[in-house]
Amino acid sequence: MTILKNDRYLRALRCLPVDYTPIWMMRQAGRYLPEYRQLRTKAGDFMTLCRTPELACEATLQPLRRFDLDAAIIFSDILTIPDAMGLGLHFEAGEGPKFEHTINTIADIEKLPIPDPSELLNYVLEAIRLTRRELDGKVPLIGFSGSPWTLATYMIEGGSSKTFTKIKKMMYCNPKALHLLLNKLAHAVALYLNAQIEAGAQSIMIFDTWGGILSHHCYQEFSLSYMQQILTELKRGQKNSHNLTDYIPVTLFTKGGGLWLESIIQTGCDAIGVDWTVDLSHIMARGKQIAVQGNLDPAVLYADKQTIDWQVLQTLTEFGCHNGHIFNLGHGIHQDIPIEHVQFLIESVHQQSQRFHHD
Ligand code: CP3
């Protein structure tokens, strides 16, 4: 067994003391890095990059060579599951994801297979195994999936959407059909995440990027309840073990879910991811321990160093002198952020957070 050299991220997820606040960034591997753009050109297209374990491993490691990040996230995409269900995913330059087949009727949903991850998604598992070997305990590796609701938006809309008209129409006109789809997706996600854990993922993150477009009732019924179902099916291991790596903590991130934090915490997740609309001091004021990931506005990284420093300090101050903070952006990093600003952000978090951690 390899020894984990930097365990700050896993310690923070368990609300244990650390010497400074760990940081990783959503979409830390990606187009703001010239070496990523080069790798993507070499691969030809984004899905080939995802489907080739050596290339996915390389993309995962690129940001860690440049920056002192406290966690790695496996390079892949949330849309691998709908792709494995046969919807035919492709990415058109500058247009985002597109599916060849979309879901329109209950018959389409009944036909959908629940993919065996060791077959059609084995490339992700292989990438995880390879990346764990390459990391050699440098930092923990995060596995991930989209939430059933968020995956369903892409499957029904056929790609990205601004209005989510089709899925909302199904939700209000044919809720039974949508529940059938969400149920299938929840099973598929649970199988997939358990396979990622078995392959070596040391923590799990569920991206509910579009939960925030729902009314509060619909959020509970169509998004949160399925994430809850996944949590009950995950093989997370022994929480009370002294060995940090015997337990797989789970982070739930609903973008725009700031008003529902209490019910998200009730699911039994280990950490909540929050976007920049949330005042972290409000979460801390509730008293009960839960780890929190977030929540700098990614656009802060356009600003000068003084502004970045100040915004970091503000975030750290809101969280206060508690255990359980994982610094992150409130959503993925933008592709035109200067690399020096990322470098500066990470140094600023590590340096300024030290005085928030003392016994
Ligand atoms: O965070 C990481 O570094 C790991 C890799 C990762 C990617 N996508 C790589 C990627 C992760 C965790 C994701 C998750 C993902 N994918 C989400 C949830 C998180 C979020 O951002 O809300 C969503 C909604 C998707 C779906 C998706 N994939 C979209 C909408 C797009 C196109 C948008 C865009 O920025 O062009 C992608 C493509 C994608 N996934 C890219 C990367 C690096 C860009 C593809 C490219 O190289 O052109």
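Every number for a ligand or one of its atoms is a count from 1 in the order of the listing. Source: prediction; values computed, not measured.
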* **Identity and separation of the nearest protein heavy atom to atom 12 (C) of ligand 1** =>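 So the nearest neighbour among protein heavy atoms is Phe144 CZ, 3.4 Å.
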* Around atom 42 (C) of ligand 1, find the nearest protein heavy atom and jot down its residue, atom name and distance. =>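 Protein heavy atom with the smallest distance to atom 42 (C) of ligand 1: Phe46 CE1, 3.6 Å.
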Given [options], which one has a non-hydrogen atom that is nearest to [atom]?
atom                    : options                      : answer
atom 16 (N) of ligand 1 : Thr153, Leu33, Asp77, Ile73  : Asp77
atom 9 (C) of ligand 1  : Ser76, Gly30, Pro97          : Ser76
atom 2 (C) of ligand 1  : Met47, Arg27, Met205, Arg37  : Arg27
atom 33 (C) of ligand 1 : Arg31, Gln335, Glu95, His334 : Arg31

* Is it true that the side chains of Thr80 and Tyr192 contain a donor and an acceptor less than 3.5 Å apart? ->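 A pair is found: one side chain offers a donor N or O, the other an acceptor, under 3.5 Å apart.
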* Asked: Can a donor-acceptor pair be found between the side chains of Ser241 and Asn243 at a distance below 3.5 Å?
  ->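 No pair is found: no donor N or O on one side chain lies under 3.5 Å from an acceptor on the other.
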In terms of ring plane angle, is the pair [X] and [Y] parallel, tilted or perpendicular, where the classes change at 30° and 60°?
X      : Y      : value
Phe46  : Phe75  : perpendicular
Phe327 : His325 : tilted
Trp24  : Tyr9   : perpendicular

* Asked: Hey, is ligand 1 close enough to Ala29 that some N/O pair sits below 3.5 Å?
  ->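 In this structure, Ala29 places an N or O atom under 3.5 Å from an N or O of ligand 1.
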* Asked: Taking Trp210 as the fixed residue, which of Phe164, Phe253, Trp149 is the one that meets the ring pair (Phe, Tyr, Trp, His ring centres under 6.0 Å) rule?
  ->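 Of the listed options, the one satisfying the test is Phe164.
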* Under a heavy-atom criterion of less than 4.0 Å, does Trp210 contact ligand 1? ->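 For ligand 1, residue contact (heavy atoms, under 4.0 Å) with Trp210 is absent.
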* Is there a heavy atom of Phe253 sitting under 4.0 angstrom from any atom of ligand 1? ->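 Contact check Phe253 vs ligand 1: negative.
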* How does Lys255 reach ligand 1, if at all, at less than 4.0 Å between non-hydrogen atoms: by side chain, backbone, both, or neither? ->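 Within the 4.0 Å criterion, Lys255 makes no contact with ligand 1.
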* Answer with side chain, backbone, both or neither: which part of Leu49 has a heavy atom less than 4.0 angstrom from an atom of ligand 1? =>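 No part of Leu49 is near ligand 1 at this cut-off.
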* Would you mind running through ligand 1 and noting each atom that sits below 4.0 Å from a heavy atom of Ile74? =>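 Checking each atom against Ile74, I get 4 (C).
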* Atoms in ligand 1 flagged as close to Phe91, the criterion being non-hydrogen separation under 4.0 Å ->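 Reading through ligand 1 atom by atom, the close ones are 28 (N), 31 (C), 37 (C), 38 (C).
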* **Test: Glu35 and Arg65 ion pair at under 4.0 Å** =>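 Arg65 and Glu35: not salt-bridged.
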* **Salt-bridge criterion met for Glu262 and Arg286 (N-O under 4.0 Å)** =>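 The answer is yes: the pair qualifies as a salt bridge.
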